[in-house]
Amino acid sequence: MKVFTKIVDLQDALSWDRKQHSTIGFVPTMGALHAGHASLVERSVKDNDVTVVSIFLNPTQFNDKSDLEHYPQTLEADCEMLEKMGADYVFAPSVDEIYPTPDTRVFDFPPVTTVMEGAKRPGHFNGVCQVVSRLFEIVQPDKAYFGEKDWQQIAVIKRLVEFVGSSIEIVECPIVREESGLAMSSRNERLTANERKLAANIYKTLRESLDKAKTLTLEETRNWVISDINAHEGLEVEYFSIVDGLTLTDLDNWNDSPYVVGCITVYCGETPIRLIDHIKYKG
């Protein structure tokens, strides 16, 4: 496995691979890798001749500077994991390498960029689109792999690919969960042992809501989920939206869409850690 910090060096290597007619898979990450990331890399290694993994903590998608400052950075451990997973190239550039000049581009794809995370974290998805479009230009992969935990992000990336007219195939990969059911996330490393147990109640409630939804209205189900999670001291729901799985528009009734997904964000712990998850009700 080779580690590159410069765009020109990565592109030289990929140019040689393309001359050998190699297919290229790409897994963009912000580092602090866990089993969820590993599943994406495994899928790419299986599907492609060459797998590129980027490790870049993108400042433009953090609307909270404190969140950026506290995001874990573990490059050496990440590279050890990636070599074991069979990745071919790691791209770990500096901020100046990705943004030699300030990126002033604006990406707006309502409603997918304006609801839920888009509403709660202004500018977040614009930053995501800035960095992903930049990385796509640099790597030019055949396929790019994203985890379903970031459900809304996948919808945004798909719109971005359409917008720029790219032929990159976006491959969605299932959530990887801890034994407790908690969705794998780099943010989990900031939870104490007790907070980790507490956070497991998020998915437990979501799972139980599948049965509740058989007899409750959509609004009643939404209210039950929020109430049940908030009943646990140390958990506070920021939002729980039940939406069309493709457009991400809010629904009023279960029959309003053949594809119904519940998306949730919960604050956990004394120094609140923001955790996201989702559950599929239909489709």
Side-chain angles (χ1 to χ4, degrees), residues 29-30 32-40 61 64 67 71-72 112 115-121 124-125 128 145-157 172-213 216 218 221-251 257 259-269 271-283:
T29 83
M30 292 200 297
L33 305 185
H34 50 69
H37 295 109
S39 70
L40 305 182
Q61 69 190 69
D64 182 345
D67 198 15
Y71 200 92
V112 295
V115 299
M116 298 189 297
E117 294 296 284
K120 297 297 183 180
R121 302 174 67 187
H124 169 67
F125 283 125
V128 168
Y145 296 78
F146 293 86
E148 287 185 346
K149 183 178 75 69
D150 295 305
W151 185 267
Q152 187 173 6
Q153 178 175 275
I154 290 176
V156 171
I157 297 301
E172 304 171 37
C173 299
I175 289 179
V176 175
R177 298 185 180 276
E178 298 182 4
E179 189 175 344
S180 67
L182 178 63
M184 288 276 189
S185 171
S186 300
R187 296 175 190 271
N188 293 358
E189 298 305 312
R190 295 168 57 189
L191 298 170
T192 66
N194 286 335
E195 288 169 347
R196 221 176 181 108
K197 292 178 182 177
L198 180 64
N201 287 293
I202 300 170
Y203 187 58
K204 180 176 179 289
T205 296
L206 291 178
R207 289 283 300 172
E208 291 174 358
S209 76
L210 292 175
D211 285 330
K212 295 288 183 181
L216 298 181
L218 188 148
T221 302
R222 181 190 291 120
N223 291 338
W224 180 84
V225 167
I226 293 171
S227 176
D228 193 74
I229 290 177
N230 284 345
H232 297 277
E233 185 176 354
L235 294 181
E236 182 180 355
V237 176
E238 182 179 32
Y239 68 80
F240 177 53
S241 298
I242 301 179
V243 300
D244 178 280
L246 295 178
T247 67
L248 305 189
T249 53
D250 280 316
L251 301 175
S257 170
Y259 192 14
V260 182
V261 179
C263 299
I264 197 164
T265 295
V266 181
Y267 287 101
C268 177
T271 305
I273 307 301
R274 195 171 184 272
L275 305 173
I276 65 173
D277 207 336
H278 74 269
I279 195 83
K280 296 178 185 178
Y281 292 104
K282 290 171 60 180

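Lys282 places a side-chain N or O within donor-acceptor distance of the main-chain N or O of Ser257, the cut-off being under 3.5 Å. Although no hydrogens or angles enter the test, the distance criterion places no donor-acceptor pair under 3.5 Å between the side chain of Asp228 and the main chain of Asn201. Remark: the backbone N or O of Trp224 is not paired with any side-chain donor or acceptor of Ser227 at under 3.5 angstrom. A donor-acceptor distance shorter than 3.5 angstrom exists from the side chain of His37 to the backbone of His34, with no hydrogens or angles considered.
Between Leu198 and Leu191, the closest side-chain pair of non-hydrogen atoms is not below 4.5 Å. Side-chain contact check for Ser241 versus Val115: every heavy-atom pair is 4.5 Å or farther apart. Looking at Tyr281 and Thr221, their side chains come closer than 4.5 Å, going by heavy atoms from C-beta outward. A heavy-atom distance below 4.5 Å is not found between the side chains of Ile264 and Ile226. Between Leu248 and Met116 there is a side-chain heavy-atom pair separated by less than 4.5 Å. In this structure, Val128 and Ile157 have side chains that are in contact, with non-hydrogen atoms separated by less than 4.5 Å. Proximity of Arg121 to Asp67: side-chain heavy atoms (C-beta onward) are separated by under 4.5 Å at one or more points.
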Item to complete: Give the C-alpha distance, both sets of side-chain angles, the deciding distance and a yes or no for side-chain contact (heavy atoms from CB on, under 4.5 Å) between Phe240 and Leu206.
Response: CA-CA 10 Å; Phe240 177 53; Leu206 291 178; 3.8 Å; yes

Using the rule given for salt bridge (Lys or Arg N to Asp or Glu O under 4.0 Å), can you reason through Asp277 versus Arg207, listing the C-alpha separation, both sets of side-chain angles and the distance that settles it, and then say yes or no?
CA-CA 11 Å; Asp277 207 336; Arg207 289 283 300 172; over 6 Å; no

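In this view, Lys212 satisfies the salt bridge (Lys or Arg N to Asp or Glu O under 4.0 Å) rule with no residue, not counting sequence neighbours. Contacts of Glu238 classified as side-chain hydrogen bond (donor to acceptor under 3.5 Å, both in side chains), with partners at least two apart in sequence or in another chain: Tyr267, Arg274.
The distance from atom CD1 of Ile276 to atom CD of Gln152, rounded to the nearest 0.5 Å, is 8.5 Å. Remark: Leu210 CG to Ile279 CD1 distance equals 4.5 Å, nearest 0.5 Å. Here the CG-CG distance, from Leu216 to Asp211, works out to 10.5 Å after rounding to the nearest 0.5 Å. Interatomic distance, Met184 CE to Leu33 CG, rounded to the nearest 0.5 Å: 12.0 Å.
Using bins of under 30°, 30° to 60° and over 60° for the plane-to-plane angle, the ring pair Trp151/His278 lands in the tilted bin.
Tyr71 and Met30 get closest at one heavy-atom pair: CE2-O, 3.7 Å. What you find for Leu235 and Ala199 is that their closest heavy atoms are CD2-CA, 4.4 Å.
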